[in-house]
Number of protein chains: 2
Amino acid sequence: MHRNPDPRGTCAHEETHGRPVDGDAVESRARAYAVSKGVPFTPMRQSVLALLAASGKPMSAYEIAEKVSDARKLKAVQVYRALEFLQEAGCVHRLASRSAYFACDHLHGERETAVFMVCAQCGAVQEAASELVARGLRGAAKTTGFRPRHPMIEVEGECAECAGTPER
Amino acid sequence: MHRNPDPRGTCAHEETHGRPVDGDAVESRARAYAVSKGVPFTPMRQSVLALLAASGKPMSAYEIAEKVSDARKLKAVQVYRALEFLQEAGCVHRLASRSAYFACDHLHGERETAVFMVCAQCGAVQEAASELVARGLRGAAKTTGFRPRHPMIEVEGECAECAGTPER
DNA sequence: TATTGTACTGTTACAACATTACACCCTTGA
DNA sequence: TCAAGGGTGTAATGTTGTAACAGTACAATA
């Protein structure tokens, strides 16, 4: 997991990568979810989401704790709690391959298969929803009786910008 | 990561799951790789691979360290070293979604896309190579200029046996 | 107003996963 | 003989994630 001391943001294009997602849209979704659950959309949740949306790149919980610009210094456990809510709300996803979290302004249906393409160099995440992949998955599953649950897959690779940059 | 204290082997079908992979085949591959690299296929590497092949299920490095039946008690770091070699050799894969490692007797070509279906209940892994998924991935990648590197994707779900078992 | 219930916050402690660093021991080959 | 390269053993540490518990805020209700 630590093959690269900081797998996020080590690329020459660091500044141009990680295009911010639509912070307002994503926050509205979170607020709507909070209302639907009858729980508050607290400043803590708002700060974490805003940071992730603005950065537009995956960040570890500890990185988030450091960077949330707030007088107080957050503990990781507090960040995890906010992330739990935001993941339930569908505004944030966890990248298992990097143990990192990122904001996402797409709405993923139950039947959809989201493909997250993670750049191994700069850590930027691009998203796609491929019907072909979804069908392939269903086909592969059918032959074994397997029932896919979380239609979210991660693919490592190299983004267009980093591919054009031989060495950073 | 610790949502389930032992995500591997908590299913009623524990004994029948995790069919062993072909230990001999997988060991030959490891030996061939060792020869090609001019490094030895040591007893340490052999034990770890044999355990994984026999169990046929993903195991954490610490679990491997405990279970390697050897006079000595292995430290995690020793297991990680063996796993590193075995992954390079293509005999063992890491399941990012579970931080676990498993032996695999398939040979994955550079262009192939391996799909690993992981049962959320019993932890068993089933494998498929879907051309449809591969094409879908290439298509999704093409639109963004992304270049997939590690054609290995993980899907969580429920295996046929566990699906037939409402509660364990 | 007082009480109660619910959910968030802050803090400590710890469990699980993974790497770094270093000393030592082999084997191979000059 | 001895230097080089790689494997092993060991300790220490870093990173990621949870559990448990006390305190706080706020709304609903008596």
Side-chain angles (χ1 to χ4, degrees), chain A residues 1-8 30-31 33-49 58-68 70-89 92 94-102 123, chain B residues 1-10 30-31 33-49 58-68 70-89 92 94-102 123:
Chain A
M1 192 179 291
H2 308 184
R3 280 136 222 150
N4 182 334
D6 179 9
R8 296 159 290 272
R31 285 188 187 281
Y33 177 78
V35 167
S36 81
K37 291 300 241 184
V39 299
F41 184 68
T42 63
M44 174 96 257
R45 290 163 179 178
Q46 199 269 330
S47 314
V48 171
L49 180 57
M59 300 172 74
S60 78
Y62 285 77
E63 201 178 348
I64 294 169
E66 270 182 13
K67 299 231 174 107
V68 164
D70 209 87
R72 68 214 158 166
K73 220 16 178 176
L74 296 189
K75 305 286 179 149
V77 67
Q78 302 173 276
V79 175
Y80 281 111
R81 289 199 281 234
L83 288 174
E84 185 181 1
F85 168 87
L86 295 168
Q87 286 178 273
E88 276 171 19
V92 164
R94 176 176 189 268
L95 273 187
S97 57
R98 313 198 134 216
S99 296
Y101 305 81
F102 65 99
Chain B
M1 192 180 291
H2 309 182
R3 278 139 223 148
N4 183 336
D6 180 9
R8 295 159 292 272
T10 56
R31 286 189 187 279
Y33 177 78
V35 168
S36 81
K37 291 300 243 185
V39 299
F41 184 68
T42 63
M44 174 95 258
R45 290 163 181 178
Q46 199 269 330
S47 316
V48 170
L49 180 56
M59 301 173 73
S60 78
Y62 283 77
E63 202 178 347
I64 294 168
E66 270 181 13
K67 299 230 174 110
V68 164
D70 209 88
R72 68 213 159 169
K73 210 38 171 165
L74 296 190
K75 303 289 176 139
V77 66
Q78 302 173 278
V79 174
Y80 281 112
R81 287 198 282 234
L83 288 173
E84 186 182 0
F85 169 86
L86 295 168
Q87 287 178 272
E88 276 171 19
V92 164
R94 176 175 189 268
L95 271 188
S97 57
R98 314 200 131 215
S99 296
Y101 304 81
F102 66 99

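Below, chain A is the first sequence line, B the second, and so on; all start at residue 1.
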Separation of C/dC8 P from A/Leu86 CG (nearest whole Å)
12 Å
Ranking A/Val77 and A/Phe85 by the position along DNA chain C of their nearest nucleotide, the one closer to 5' is A/Phe85
Taking the side chain of A/Arg45 as heavy atoms from C-beta outward, which of C/dC8, C/dT9, D/dG17 is closest to it?
C/dC8
Taking OP1 and OP2 of C/dG10, is either one under 4.0 Å from a side-chain nitrogen or oxygen of A/Tyr80?
no
Return the value, rounded to whole Å, for the distance between atom CG of A/Leu74 and atom P of C/dT11.
10 Å
What is the distance, rounded to the nearest whole Å, between atom CD1 of B/Ile64 and atom P of C/dA18?
10 Å
Between B/Lys37 (NZ) and D/dG7 (C1'), how many Å, whole number?
16 Å
By nearest-heavy-atom nucleotide on DNA chain D, the more 5' of B/Thr42 and B/Lys75 is B/Thr42
Counting N and O atoms only, with roles assigned by atom type, does the side chain of B/Glu84 sit under 3.5 Å from a partner on the main chain of B/Arg81, one being a donor and the other an acceptor?
no
Do A/Tyr62 side-chain and D/dG14 base share a donor-acceptor contact under 3.5 Å?
no
Indicate whether OP1 or OP2 belonging to C/dT9 is found under 4.0 Å from a side-chain N or O atom of A/Gln78.
no
N or O in side chain of B/Ser60 less than 4.0 angstrom from C/dC17 OP1/OP2:
yes
Any donor and acceptor pair, going by atom type alone, linking the side chain of B/Glu66 with main-chain N or O of B/Glu63 inside 3.5 Å?
no
In this structure, how many angstroms lie between the C1' atom of C/dT19 and the CD atom of B/Gln87, rounded?
14 Å
Quick check on the 6.0 Å ring-centre criterion: do B/Phe85 and B/Tyr33 meet it?
yes
Gap between atoms CZ and C1', on A/Phe41 and C/dC8 respectively (whole Å)
14 Å
Phosphate-side-chain proximity, B/Ser99 and D/dT16, N/O vs OP1/OP2 below 4.0 Å
no
From the list C/dA18, C/dC8, D/dT8, which nucleotide is the closest neighbour of the side chain of B/Arg81?
D/dT8
Separation of atom CD in B/Glu66 from atom C1' in C/dA16, rounded to whole Å
12 Å
Between D/dT16 and A/Arg94, is there an OP1 or OP2 to side-chain N/O distance shorter than 4.0 Å?
no
Starting at the 5' end of DNA chain C and moving along, which residue's nearest nucleotide shows up first, B/Ala76 or A/Pro40?
A/Pro40
For B/Glu84 and C/dC17, what is the distance between atoms CD and C1' respectively, to the nearest whole Å?
16 Å
Is the backbone of A/Leu83 close enough, under 3.5 Å, to the side chain of A/Arg45 for a donor and an acceptor to pair up by distance?
no
